[in-house]
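Read the structure below first, then the notes.
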Amino acid sequence: MSTRLATGGRLVNRAQKMNFTFNGERLSGHAGDTLASALLANGKMMVGRSFKYHRPRGVVASGAEEPNALVNLGTGNRLEPNQRATTTELFEGLAATSQNHWPSLEFDIGAVNTYFSRFLPAGFYYKMFMYPRAFWKHVYEPFIRQSAGLGRAPEAHSRDEDTYEHFYAYIDVLVIGGGIAGLQAALAAGRAGAQVLLIEQTAHWGGRTPVDGGEVDGKPAAEFVEAALAELRGMKNVALRTRMMGAGVYDHGYVLAYERMSDHAPGTPGPRHRLWRLRCKQIVTATGAIERPLCFAGNDVPGVLLASALRDYAVNYGVSIGDRTVVVTNNDDAYRTAISMKEMGLEVPAIIDARAGGGGALAQQARDLGIRVETGKGIAKVKGTRRVEGVAICAQAGEGAVLDEIKCDAVAMSGGWSPVVHLWSHCGGKLDWDDAQSMFRPRASAPPTGATGEAFVIPAGSANGHLGLGDVLADADAAGRAAAQAVGATPPKTAAPQGAGPDEAPIEPVWLMPQGVDIKLRMKAWLDFQNDVKVSDVQLAAREGFESVEHAKRYTTLGMATDQGKLSNINGLAILSDALGQPIPQTGTTTFRPPYTPISMGAIAGEARGKVFQPIRRTPIQDWHEAQGAYFEPVGHWRRPYCYPQGGESHAQAVEREITQTRNSLGLLDASTLGKLVVKGPDAARFLDMLYTNMMSTLKPGRCRYGLMCSENGFLMDDGVVARIDDETFLCHTTTGGAERIHAHMEEWLQTEWWDWQVYVANVTEQYAQIGVVGPNARKVLEKLGGMDLSRETLPFMAWADGTLAGIGVRVFRISFSGELSYEIAVDASYGRALWDKLLAAGEEFGVMPYGTEALHVMRAEKGFIMIGDETDGTVIPQDLGLHWAISKKKDDFIGKRAQERSHMTDPDRWQLVGLETLDGGVLPDGAYAVAEGTNANGQRNMQGRVTSTYYSPTLKRGIAMGLVRHGPDRMGEVLEFPGTDGTTHKARIVEPVFFDKDGEKQNV
Amino acid sequence: MLILECPCCGVRGEETEFHGGGEAHIKRSGPGSSDEAFHDYLFAKENPRGVHFERWRHVYGCGKWFHAARCTQTLEVFGTYSAQTTEPPQDIKDKISARRPGWTWREFA
Amino acid sequence: MKRYSVFAVAREAARYHTGWERAWKSPAPKKKYDVIIIGAGGHGLATAYYLGKNHGIRNVAIVEKGWLGGGNTGRNTTIIRSNYLQDPSAAIYEKARSLYETMSQDLNYNVMYSPRGVMMLAQTEHEVRGYLRTAHANALQGVDTRFIQPDEVKKLVPIINLDGPRYPVLGALWQARAGTARHDAVAWGYARACSDMGMDVIQQCEVTSIRQTGGKVTGVDTTKGSIDCDKLGIVVAGHSGVVADMAGFRLPIESVALQALVSEPIKPCMDVVVMANTVHGYMSQSDKGEMVIGGGADGYNNYTQRGSFHHIEETVRALVETFPMISRLKMLRQWGGIVDMTGDRSPILSKTPLEGCFINCGWGTGGFKAIPGSGWGMAELMAKGQSPLTDEFSLYRFREGKFIDESVAAGVAH
Amino acid sequence: MSEAQSALRGTWHKGLVTVAEAGLQGMITLRGQTGEAGFADAVKQATGLDLPDTRTIVAADKRAIAWMSPDEWLLMCPYEDAHDMVAGLRAALAGRHHLVENVSDARAMFTLDGDDATLREVLAKLAPVDLHPERFGPGEMRRTRFAQVPGAFWLTAPGAARVVCFRSVAQYMYDLLCVASSEGSAVGYFKP
């Protein structure tokens, strides 16, 4: 039974009690505990259930590599599934529940899987559940989904109450990892004067050193840690941060660092997480190493832990896993665990060392302490199911014949250490297999390279394959110096600190225990504790031809759990290599992908939520629209009023009222969103002749012309009215969505094709509020405001003039998109609201009525004007829309002209624009297609046209539509059939697209 | 995440300040050109695995277009240069030759 | 071939699964084949499979420079749908979708096709019109889709935020028989079936050059020696330009990185696939419980399988806004693949300037869902020289200006 | 004049730093060729200001001129002077290829005031710019991206910054800056 020891625990403050709950049970721990150490201190050995077989799972590690101890943390809006108990700092009131079981952790129905496990080997689902077909969707899949899934899903309507943010920083040297190697590397780089950021994922500095001991320059290593910290804190060019993890290394020195500010103290004001986007010239990865489990039968039973983890819980938290700990190992390090257990007065019945030769100095020390040391032995199997009761010992070389059984309640296993090479590998760093140490380590000759082609990541210490204290410090010092030099700093000639530890005997690779263990026990020897992948599964994969490490991984799900194989990958690929009879390096590793450990979606989204999720562009008159309760529609990042419902009006009723009043008297439109581009220079006219299909150079100053713009690929991309200001200056109007796009289009041609042409372009879209004053009384209301002559004679249709209205400087364009007498008035944006208010006041006697985009659309459709985005969709050329009149025949070139000469563009069978009139006066459905006889080679019904715009016209009191129809213009009067999606069919007659005031008398008054 | 130095304003900015504009040094084919030539102008791409020349715009900065010589396999940037040229300048070509002896790209080498 | 079934599994369980045979053989290349397919991804393997099954051509080798299914087949977000706007797209994707329905039975390999339904959110008036248009087109194309209202959206996806502060959900295009499948299994299932037909799936075999005489293809040189063939199919998404270069022609293609990510697994909370194109994000939940999320494509040529992080950021931003409950979930893993982008973002299945050489490429971000239809059409094209499924996807359409542009329906991403 | 309204009419908020919309501000876009003989003199004659070096801004009493690109500058002056200054510049540059446009109403300007290190951190949460005190100082003009919109900023003095963006996104920019300087979000990275 795990428990809190009477003494010990360098990280916990026994004076400060902290209450928390686990599965509703009230428990308490100390400040400084992790949730894992607190649970263990309360005797909670079993903390969860595995993914596939729902096997009992206990804590196996003490850090980020933990695969088992995952909990649902918090509740409601603060629920966070799959939190690792080993990296969750305890706080007052913490509430956690265990995962993946029903009805309870102790009695889990899903645990029956473990009895069927023999029938559920790797990839079993690829071979089953195929018949009957319908059963997959309705029976098998729901069951599988329900039994998988681990953590609880947050409630559908839960809303994260925390906030998040991003932060950009550019630094010379980033050191990742606050262990002894990271500290030394930071010292070396810092002393050289380089700008350094040192980050540590936990709340504590020093990494394993304070636990593992050793001496630096003759003093206890722990003292060195304190001294190093003190010196670093004193350097102005060095910044240190804890609770900040190096999550990913990306191209050109980009690093994501994940800072958790308040996970340990929920409710603290400020963001919960901060995602740092670092640009680093050099990165030192001092990320340490992770201990590997050993593969023996029952190595997944709660109470079997990594040897280092047992040590951590005892030394850091004063927590023992059991009273009798058997240590099993293939290297010397695990002896440290035995020794510290013994020193704490706990029993160590035996150290089982798989190496025939046994260990070095530490082994001797253990023996001197009176610990029984068995060499050349292994564990045949672990006794117990919900927790360790004992182990059966056998010869490592044999097939598992039991030599002895030892009662114990904890097993400390060590299969050696694997450098944490994730961050080295994210951006392409290569690895070498080190046979002597049985580990993959960074290949110095193949580092990740950056923008300059030079290396930008330097591994240090045990992350670089150096496990002895002396080697770690020397390597880290060199790494820090190298990084500093690479950024142009000069390290002083100080000697690296001398680290010293006991001499250690070499590790001997042990991938399976015992070596010749039979299939029955191989099916009980776990590789991936969370995903329930066993030795037998990987061997099966190899047997079935899944020979690449990627195939084996995906087939068995080895290493695909939330720990991404931190514990299981190396053992797994060793087993795979063995099964394939090839050396480990030939098998290789799977790809390391960011993040190192999972990071919150909230942190990735950063500040972008709620009102700052995305920009909303506002016109100078937006406040008024909102005050009127307008119904808005998003157009690009703008939100334009769709209509202004009054009282209980429906949108349709509001639109009808706005149109009727505009046609009969006076309407106002906020047209500020229209793009406005000033094009100026000696070559401006020539430039516009290339941009527009029309001839713009012949436009007279003071006049306006409607123009079409095509892409070089021939398709219509934008349209608008061009006003010539003077010989050298044009003002080009674009669609609402078009301003930035067309501005960029112009700049692109000017800068990259015709750079010798003298033309400047300025985007003045937002300099002006633009107000459409529309309707029979438009002139009257403007004359009321007074200040300029707007008579038919001085300002005819398609002319513009500068002047003042009601004392405000304006530019008036006499243009119409509605077919009514219409003026568009541009005014400095700061005066936009003032002019709008004056127009409303002056227009009162005419029943002035602001109208929205829908009324605008209907009125333009009544007039047969095309709308970019409705009649066009990126596949339509001006010729399709009967706009030949706007395509200059005189010009030998314009953007899109050559494209429009291609065979398909000149095909007479292209669909052409027509008007459509339903026979019953109803409204054609949006997007409906006109059917033709028969079907095509793929059995699809033939089509001969489609609806591009369709509305109810309040003016004509009937449905009107525009559409593209094969040979349409030659088929006036023909009736087409448009099947709806509801089984009905609509009949419509082909007519001219202009439905209203064909001769344009209304706009020309 | 690329870092690019805009030759027009000197800013060494991160990718999100820029906008990629595709293959560089493409000669426009207008009216009178053959279908073949026009097709190649708009659609045929070098798309090499290795040395590549491309267009970028410093869209969130000075707004200027420029050229970049870059390796599509390692993302190494050999250099950036003016958009107002029809071929890579010699110093850029020399730099590439030093890093990737024997490189060729369309008619350049 | 030993058939897979629950009984076979039970039988094997009795002997601790020691009796399973290889899913596919890994032979050395023969001197000559009738057809060589370059690329043992989903499309290449499916092409080979239907060459054998539909056209009796079984003297076929599929050569793969890495491991089968190791490219984009194993890197995508496994969405399968056919609610496309243009006739040629709807035809080939619907053919694919219908083949997916019975694939597990056809291949005797459970690819876990899950017709859970795919929903495309309409969040602007323009998108509403675009999807209504698609629904009308689909009705005539024999693709079963319909436009649904917000209340039905909410019923199907309880975790969705219908009235985001930014874009309200105005409705959605819903295809009930669309869904997802287990991507690796598709490649493995086809490989096993091809191998069973006597075809050679040759992995770790990189093509170094393509041999031709008199404008006709004669074979390929590979890292495992040179192999002759009468017909050659290039099916190497991501590297099409590089291999086409060996065959001596250029393609209207650029290769860019496309990214995806998964969250940690949680209990079932979302039973359908949701795509939100206005805010650029889509998400589904895998059978394992991970939220599978598709990111955007980079704007520059890239042959590393790493993309730029800001695309991940934009996608996650959009999805946290659309599904607020994912805010406290965590990203477990992100990765990238290299995709071919053509001039009109639609694929190329076509003859080439080199006689006897055919190419299948340019699937951009939408390849997985098309695998069986693509293989079916490509096989017919290679066997008969013509296929109604591939006619419109010719390499030469770009000359005529005859594009197949799917972006027209409200900029729908694949 | 009283009828003229700036985008946010001087709204302000005090968080880690004080964020305030600066009200009406005259701004003029000038484009031309620096290399061209007499161009700089003409500009000086009309504005009293020398053309600034690349990526810098020079100020004199109520006026300032900022480098925007190799052929573009942004002139700043009191709002009510803008139209006259446009006329003056056009006259001074007549006969040369140039462009002068009043953009006073097309933009919004914000002032940020507070502790220098904190202010830098607020900016660094939104803009992908190296704001280390040794690498970015007063007098430098930086056009960049603030979260999802274009913007430009410069330091008028330690602890005092100006941010300019398009008028239509003034509210978004203001909200961003307020979020970035919200209580409890100090980073503590840039050491004073």
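Protein chains get the first letters and strands the later ones, always in sequence-line order, with residue 1 at the start of each. Note that this is a predicted model, so its numbers are computed, not measured.
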Please classify the contact between [X] and chain C as side chain, backbone, both or neither, with a heavy-atom cut-off of under 4.5 Å.
X	answer
A:His273	neither
A:Leu79	backbone
A:Arg118	both
A:Tyr140	neither
A:Gln146	both
A:Asn936	side chain
A:Val947	neither
A:Ile599	both
A:Met943	side chain
A:Pro615	backbone
A:Phe978	neither
A:His551	both
A:Tyr250	side chain
A:Asp870	side chain

Checking [X] against chain A: side chain, backbone, both or neither under 4.5 Å from a heavy atom?
X	result
C:Ala137	both
C:Arg333	both
C:Tyr167	side chain
C:Asp391	neither

Using a strict cut-off of less than 4.0 Å between a Lys/Arg side-chain nitrogen and an Asp/Glu carboxylate oxygen, indicate whether C:Glu313 and A:Arg277 qualify as a salt bridge.
yes

Could you tell me whether C:Asp271 and A:Arg145 have a side-chain N and a carboxylate O separated by less than 4.0 Å?
yes

Between C:Lys25 (side chain) and C:Ser195 (backbone), is there a donor-acceptor pair under 3.5 Å?
yes

Compare every heavy atom of C:Lys2 with every heavy atom of C:Arg192, then report the nearest pair and how far apart it is.
NH2-O, 3.0 Å

What closest approach, in Å, do C:Tyr4 and C:Ala23 show between heavy atoms, and which atom pair accounts for it?
OH-CB, 4.2 Å

Find the one option among [options] whose heavy-atom pairs under 4.5 Å with chain A are most numerous.
options	result
C:Trp335, C:Phe309, C:Phe323	C:Phe309
C:Glu125, C:Gln141, C:Lys288, C:Arg129	C:Lys288
C:Lys330, C:Met325, C:Arg182, C:Met270	C:Lys330
C:Gln305, C:Glu290, C:Glu12	C:Gln305
C:Met291, C:Glu21, C:Met112	C:Met112
C:Asp184, C:Ile159, C:Leu132, C:Leu332	C:Leu332

In this structure, are over 12 heavy atoms from other groups packed under 6.0 Å from [X] atom [atom1]?
X	atom1	result
C:Lys402	NZ	no
A:Phe116	CZ	no
C:Gln204	CD	yes

Between chain C and each of A:Glu550, A:His426, A:Arg609, count heavy-atom pairs under 4.5 Å; write down the option with the most.
A:Arg609

Sub-6.0 Å ring centroid separation between C:Tyr131 and C:Phe147
no

